[in-house]
Novice: 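Sharing a structure here in structure tokens format.
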Amino acid sequence: MNTQAAHRPSWAEPYKIKSVELIRMTTREEREQAIREAGYNTFLIRSRDVYIDLLTDSGTSAMSARQWAGLMMGDEAYSGSDNFYHLQDAVREYYGYKHLVPTHQGRGAENLLSQIMIKEGDYIPGNMYFTTTRLHQELAGGIFVDVIIDEAHDPASRHPFKGNVDMQKLDQLVQKVGADHVPYISLEGNVNMAGGQPFSMANLRELRSYCDQHDIPIMLDATRTIENAWFIREREEGYADKTVREILREICDLTDGCTMSAKKDLLVNIGGFFACNDEEIYRKAQNMVVVYEGLHTYGGLAGRDMEAMALGIEEAVMEEHQAARIGQVRYLGDKLRDAGVPIVNPIGSHAIFIDARKFLPHVDQDDFPAQSLAAELYLEAGIRTMERGNVSAGRDPETGKNRRPALELVRLTLPRRVYTQAHMDVVAESVEQVYLRREQIRGLKMIYEPEYLRFFQARFEPLT
Ligand code: P70
């Protein structure tokens, strides 16, 4: 391995702190008022009322001094900004795709991909759904079909590659509907909704050869694929001596294009892109982006944002960065596991997922145990987390009923390069406190339900 950090047991940070942001501690009374006003939805709490913010790792990471310096290099031209070309070079070099269309964030790219490739009534297989991804597929007239391996739906399974595609499930779908009605397979790196779980290179190779036989493109959700590459290096035979950078490139070379929310792996506060190799798809994306995002050389971003993203790619593939990133998540996960708190195994890269069904077995899934637990964690210590269960899964469009997914989780998501080990200790202690009084926790009743992506704005009341 090429760096000191890669095989060292310690995960110490490869940076030092130059500037800090003050955070506020609140009283229990203040938090009670804040969560009531937020309708028991952590998305609706004001961030000034939060002590440790583990809502998401999206757009919340700390940029480096060189990225901040990069902002000053922003070439704010409407067209042909230098920063676009820098980003294009970086995407070509590290991800390997020929064509790049920037977008304001991930869902902007998902919109382009879905509108361009999906026809009414098409089926889109994927290794578990992601909320925005599936919604864009549905808005384009498609039907999402989950083809992830069964182990992914079992929080206790220790399968090292829970993000793998089940080739039989995929083949059954293709046999049933015909390859003509499968415009592409949607493959996510480090599957978010499964707990941040990777796919293996062996699985991707098998998928590639199947897709070649049936002429089905593979479109990657590259949002956390660098973290996926880390796990391949760690767990898959034959990869121990490869760099994360090499593995990332190998993954991308086995796919046909990607959507990207750069707000995660790529260490920026805003940004995303669509990238592909096919000329015709690129032309369509380039044309469509001017309708929804902006000209094809900025896609809704400022020049400075594209510069920070290009620099973020270089930092994200550094071994020592990923060692610290994943090391910190494991540190928190190990503490919780040692305290007996039920979490999803194996520990993923971006978050710890608490199994709310096991934590609150007395709360029915339609009374939203994960939502209720997230509210309790906020009340306990001002820690903000995110529900990833029945509220997030939404309703089945056919039956209109709550989907009641197998995974009913609360996500403690770690921004990159933001919190310290002492913060992790506070989080672990607070979760333990809530665990000790778990039997007193009741469910919630939904009193306002928006039509799209309801989890963002839904409001609740405690059940009495
Ligand atoms: C999160 C964020 C965003 C995301 C993702 C994957 C695997 C695409 C996107 C969309 C933000 C989020 C979004 C919806 C619900 C809750 C939270 N994930 N693919 O916190 O990208 O947000 O840039 O449009 O994880 O997990 P973008």
Side-chain angles (χ1 to χ4, degrees), residues 41-44 47 53-61 102-114 124 126-139 144 146 148 152 162-163 186-199 219-228 257-275 289 292-293 299-301 305 309 312 329 348-353 370-371 374 384-394 405 407 409-416 418 450 452-458:
N41 185 345
T42 53
F43 279 106
L44 302 178
S47 103
D53 203 345
L54 307 185
L55 184 70
T56 176
D57 63 334
S58 182
T60 52
S61 296
T103 59
H104 76 286
Q105 59 181 70
R107 68 198 75 177
E110 289 170 350
N111 179 38
L112 300 180
L113 170 67
S114 307
I124 304 92
N127 54 345
M128 202 172 266
Y129 83 100
F130 186 72
T131 50
T132 56
T133 320
R134 181 178 64 193
L135 179 61
H136 279 295
Q137 291 163 357
E138 288 172 354
L139 290 172
F144 170 82
D146 188 2
I148 203 164
K162 279 174 150 181
S186 176
L187 181 75
E188 184 187 334
N190 252 31
V191 182
N192 193 354
M193 300 300 280
Q197 307 291 333
F199 56 72
M219 303 309 280
L220 179 70
D221 181 338
T223 300
R224 295 185 185 82
T225 299
I226 301 178
E227 292 177 359
N228 196 124
C258 81
T259 54
M260 166 66 91
S261 169
K263 300 167 73 174
K264 284 80 164 173
D265 264 1
L266 301 189
L267 299 161
V268 287
N269 304 124
I270 192 70
F273 56 79
F274 172 71
V289 77
Y292 292 104
E293 308 273 324
L301 297 170
D305 301 325
M309 210 192 305
V329 174
S349 65
H350 69 304
I352 300 302
F353 291 74
Q371 187 78 26
R384 173 153 69 171
T385 58
M386 189 190 291
E387 190 266 6
R388 298 277 75 180
N390 207 9
V391 184
S392 295
L407 296 177
L409 309 174
V410 174
R411 188 180 75 173
L412 284 64
T413 339
L414 299 198
R416 297 163 189 79
V418 171
Y452 299 115
L453 304 175
R454 65 182 185 176
F455 52 89
F456 281 132
Q457 291 147 342

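Heads up: numbering here begins at 1 and tracks the sequence. Order of listing sets the numbers, starting from 1, for every ligand and every atom in it.
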Novice: Just need the protein heavy atom nearest to atom 8 (C) of ligand 1, so name the residue and atom and give the distance.
Specialist: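 The protein heavy atom lying closest is Glu110 OE2, 3.1 Å.
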Novice: Counting heavy atoms only, which of Asp221, Leu453, Thr225, Asn190 is nearest atom 19 (N) of ligand 1?
Specialist: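 It is Asp221 whose heavy atom sits nearest to atom 19 (N) of ligand 1.
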Novice: So, for Ala370 and Leu409, which heavy atoms are closest and what is the spacing to 0.1 Å?
Specialist: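 For Ala370 versus Leu409, the nearest heavy atoms are CB-O, 3.2 Å.
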Novice: With a cut-off of 4.0 Å, which atoms of ligand 1 are near a heavy atom of Thr223?
Specialist: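 Selected atoms, number and element: 6 (C), 19 (N).
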Novice: Name the closest protein heavy atom to atom 10 (C) of ligand 1, giving the residue it belongs to and the distance to 0.1 Å.
Specialist: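 It is Thr132 OG1, 3.5 Å.
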Novice: Check whether any side-chain N or O of Arg416 sits under 3.5 Å from a backbone N or O of Lys264 as a donor-acceptor pair, and report yes or no.
Specialist: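 Checking the backbone N and O of Lys264 against the side chain of Arg416, a donor-acceptor pair under 3.5 Å is found.
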Novice: Decide whether an N or O pair under 3.5 Å exists between Asn192 and ligand 1.
Specialist: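 Yes: some nitrogen or oxygen of Asn192 is under 3.5 Å from one in ligand 1.
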Novice: Mind checking whether Gly106 has an N or O less than 3.5 Å away from an N or O of ligand 1?
Specialist: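 Yes, Gly106 has an N/O under 3.5 Å of an N/O on ligand 1.
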Novice: Quick one: nearest non-hydrogen protein atom to atom 23 (O) of ligand 1, plus distance?
Specialist: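 Nearest protein contact, heavy atoms only, for atom 23 (O) of ligand 1 is Ser261 OG, 2.7 Å.
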Novice: Relative to each other, are the rings of Tyr129 and Phe144 parallel, tilted or perpendicular (30° and 60° limits)?
Specialist: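 Answer is perpendicular, since the angle exceeds 60°.
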Novice: Check Asn192, Thr413, Asn190 against His350 for a side chain to side chain donor-acceptor pair (under 3.5 Å) and give me the one that passes.
Specialist: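 Of the listed options, the one satisfying the test is Asn192.
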Novice: What protein heavy atom is closest to atom 11 (C) of ligand 1, reported as residue, atom name and distance in Å?
Specialist: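 Result for atom 11 (C) of ligand 1: Lys264 NZ, 3.9 Å.
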Novice: Who's closest to atom 26 (O) of ligand 1 heavy-atom-wise, of Met386, Arg388, Arg411?
Specialist: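 Looking at heavy atoms only, the winner is Arg411.
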Novice: Is the number of heavy atoms from other residues, nucleotides or ligands under 6.0 Å of Phe456 CZ greater than 12?
Specialist: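 Yes.
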Novice: Quick one: pull up OG1 in Thr133 and CE in Met219 and give me the separation to the nearest 0.5 Å.
Specialist: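 Thr133 OG1 to Met219 CE: 12.5 Å, rounded to 0.5 Å.
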Novice: Please classify the Lys263 to ligand 1 contact at 4.0 Å (heavy-atom distances, strictly less than): side chain, backbone, both or neither.
Specialist: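 It is the side chain that touches ligand 1; the backbone stays farther off.
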Novice: Taking only heavy atoms of Arg107, which atoms of ligand 1 are found under 4.0 Å from at least one of them?
Specialist: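 Matching atoms, with element in brackets: 13 (C), 21 (O), 22 (O), 24 (O), 27 (P).
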Novice: Does the pair Asp53/Arg384 count as a salt bridge with the N-to-O cut at 4.0 Å?
Specialist: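 Arg384 and Asp53: salt-bridged.
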Novice: List the closest protein heavy-atom neighbour of atom 27 (P) of ligand 1: residue, atom name, distance to the nearest 0.1 Å.
Specialist: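 Residue, atom and distance for the closest contact: Gln105 NE2, 3.3 Å.
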Novice: What is the minimum heavy-atom distance between Glu387 and Ser392, and which atoms define it?
Specialist: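 Scanning both residues, the minimum pair turns out to be OE1-OG, 2.7 Å.
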Novice: Is Glu188 in polar range of ligand 1, meaning some N or O pair under 3.5 Å apart?
Specialist: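 In fact, backbone or side chain, Glu188 has no N or O that close.
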Novice: Can you confirm whether Leu412 sits close enough to Val410 that some side-chain heavy atom of one is under 4.5 Å from a side-chain heavy atom of the other?
Specialist: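 Answer yes - side chains close enough.
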Novice: List the atom of Gly348, the atom of Val329, and the distance in Å for their closest heavy-atom pair.
Specialist: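 Looks like O-CG1, 3.5 Å.
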Novice: With atoms numbered from 1 as shown, which atoms in ligand 1 lie under 4.0 angstrom from a non-hydrogen atom of Thr56?
Specialist: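 By the 4.0 Å cutoff, the relevant atoms are 1 (C), 20 (O).
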Novice: Nearest to atom 12 (C) of ligand 1 by heavy atom, Tyr129, Phe455, Phe130: which?
Specialist: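 The residue whose heavy atom sits nearest atom 12 (C) of ligand 1 is Phe130.
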Novice: Taking N or O atoms only and a 3.5 Å limit, does Thr131 qualify as a polar contact for ligand 1?
Specialist: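 In this structure, Thr131 places no N or O atom under 3.5 Å from an N or O of ligand 1.
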